[in-house]
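Since this is a predicted model, take the numbers as computed values, not measurements.
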Amino acid sequence: MTLRAAPSLDIVVPCYNEEEVLPETARQLTALLDNLLAAGNVTSAQVHFVDDGSRDRTWALIEELHQADPRLCGIKLSRNRGHQNALMAGLGASTAAVVVSIDADLQDDPAIIADMVDAYRGGAEIVLGVRSDRGTDSAFKRLTGQGFYRFLKGMGVEIVYDHADYRLMSRRALNALAQYTETNLFLRALIPQLGFSVATVPYRRAERFAGESKYPLSKMLAFALDGLTSFSTRPLRLITLLGFLVSTVSFALGLWALSVAVFTTQGVPGWASTVVPIYLICGVQLLCIGIIGEYVGKIYFETKRRPRFIIDQMLGDDEAVVQSAKMSAIHTMAD
């Protein structure tokens, strides 16, 4: 098999209040870049730290890191826009042949980036980092994490089990991703929509190096809801099925209430036929309205066509990178 030529490499690292872990993340990634360059696996390499509206010293540290090593670049968003939008800002700013996205907390092993590059050179356009072991997670975190993937797959969302946002994408795949302009981003399910050849690289998930998790249970549930309503209409179909079942049950209750009233003297006149259907139907209606409301809310935000993010500052002299990031950040209605 003929290997592709060694590519240029960018690493995108979304950051939100990561001052505790950022120096160590930069140290490990810098060492990785040196090793890849020395081995001839890449022709050039940079790291793009994306500050997603942090309230601590994250941006100040990025500025210091850039001064010490120009390969460590920075993008500062004007406000917090969420992990997925920060990730898209970094992907849009990249001009390398391949781009790897990785979180700043070092739970995803940076060392396997070399394996990802090898898989790309072997022909893959997208290389997914897949967790082979969640031994460092708490029982609750492991249970909710596994439930997250099973729930989405059960609802018809195409998603790779135990893969988060640790992946390599070729320039071809990134160009295809740029054609998806929706506001409600869920990249874990959006990437499989691209097609292309996909490879996976397993790794063991480590403990967070420092700081606190940015994904508590409430955010995980919101993230799962975003993924579900952005990529599956199965809940709407379930509403139709539920309506049919409720109609059947209500009809059966009506027959029961009628039989009690006609053939016995035990029933309170009008109680069963009034109270039971009201409770049942009202509860189902509220549930259905809530589910439909989630989809209407998605339509509301999509039709506004607002920018995904606005870049406040960038560290680096490459004007092409700046223009690329701006074009990625601001998407308007189709001409």
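- In terms of heavy-atom proximity, T43 sits nearest to A6 at CG2-O, 3.3 Å.
- The OG atom of S170 sits 6.0 Å away from the OH atom of Y120 when rounded to the nearest 0.5 Å.
- If you check the side chains of E125 and S197, you find no donor sitting under 3.5 Å from an acceptor.
- With rounding to the nearest 0.5 Å, the separation of CD1 in I191 from CG in L128 is 8.5 Å.
- Counting only N and O atoms by type, the side chains of E24 and Q28 include a donor and acceptor under 3.5 Å apart.
- For the pair R71 (side chain) and Q46 (backbone), a donor-acceptor distance under 3.5 Å is absent.
- Heavy-atom minimum distance, A89 versus V50: CB-CG1, 4.2 Å.
- There is no side-chain donor-acceptor pair under 3.5 Å between Y166 and R131.
- Using modelled atom types, one finds a donor on one side chain and an acceptor on the other under 3.5 Å when comparing R205 with Q107.
- Using a 4.5 Å cut-off on side-chain heavy atoms (C-beta onward), L37 and V42 make contact.
- Side-chain contact between I11 and V99 is absent, with no heavy-atom pair separated by less than 4.5 Å.
- Distance alone, capped at 3.5 Å, places no donor-acceptor pair between the R172 side chain and the M169 backbone.
- Taking the side chain as every heavy atom from C-beta outward, Y180 and Q193 approach each other to under 4.5 Å.
- Across V98, V100, I102, a single residue satisfies side-chain contact (heavy atoms from CB on, under 4.5 Å) together with M116, and that is V100.
- The distance from the CG atom of L72 to the CG atom of L29 is 8.0 Å, given to the nearest 0.5 Å.
- E18 is not listed as a side-chain neighbour of S54, based on a closest heavy-atom distance of 4.5 Å or more.
- The NE2 atom of H83 sits 7.5 Å away from atom OG of S101, with the distance rounded to the nearest 0.5 Å.
- A pairwise comparison of heavy atoms in Y16 and D52 identifies CD1-O, 3.2 Å as the closest pair.
- Taking the side chain as every heavy atom from C-beta outward, R188 and R167 approach each other to under 4.5 Å.
- For H163 (side chain) and V130 (main-chain N/O), no donor-acceptor pair under 3.5 Å exists by modelled atom type.
- Q67 is not listed as a side-chain neighbour of L65, based on a closest heavy-atom distance of 4.5 Å or more.
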- Which is it for K76 and E63 under the salt bridge (Lys or Arg N to Asp or Glu O under 4.0 Å) test, yes or no, and what are the steps along the way? CA-CA 10 Å; K76 185 177 188 296; E63 291 180 315; over 6 Å; no
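- Among all heavy-atom pairs drawn from G74 and I62, the shortest one is CA-CG2, 3.7 Å.
- Between atom CG of residue L22 and atom CG of residue N17 there is a gap of 11.5 Å, rounded to the nearest 0.5 Å.
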- Message: Does I126 form a side chain to side chain contact (heavy atoms under 4.5 Å, CB included) with L194? I'd like the steps, not just the answer.
- Response: CA-CA 9 Å; I126 300 171; L194 302 180; 4.2 Å; yes
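- One finds no salt bridge joining E19 and R55 here, because no Lys/Arg side-chain nitrogen approaches an Asp/Glu carboxylate oxygen to under 4.0 Å.
- A side-chain N or O of Y203 and one of D108 form a donor-acceptor pair less than 3.5 Å apart.
- Counting heavy atoms from C-beta on, the side chains of L91 and L174 come closer than 4.5 Å.
- The distance from the OG1 atom of T58 to the CD atom of E20 is 9.5 Å, given to the nearest 0.5 Å.
- At distances below 3.5 Å, not a single donor-acceptor pair connects side-chain atoms of N41 with backbone N or O atoms of L36.
- Here the shortest heavy-atom pairing between P14 and L87 reads CG-CD1, 3.9 Å.
- No side-chain heavy atom of V13 sits less than 4.5 Å from a side-chain heavy atom of D103.
- Between L33 and A45, the shortest heavy-atom contact is CD2-CB, 3.5 Å.
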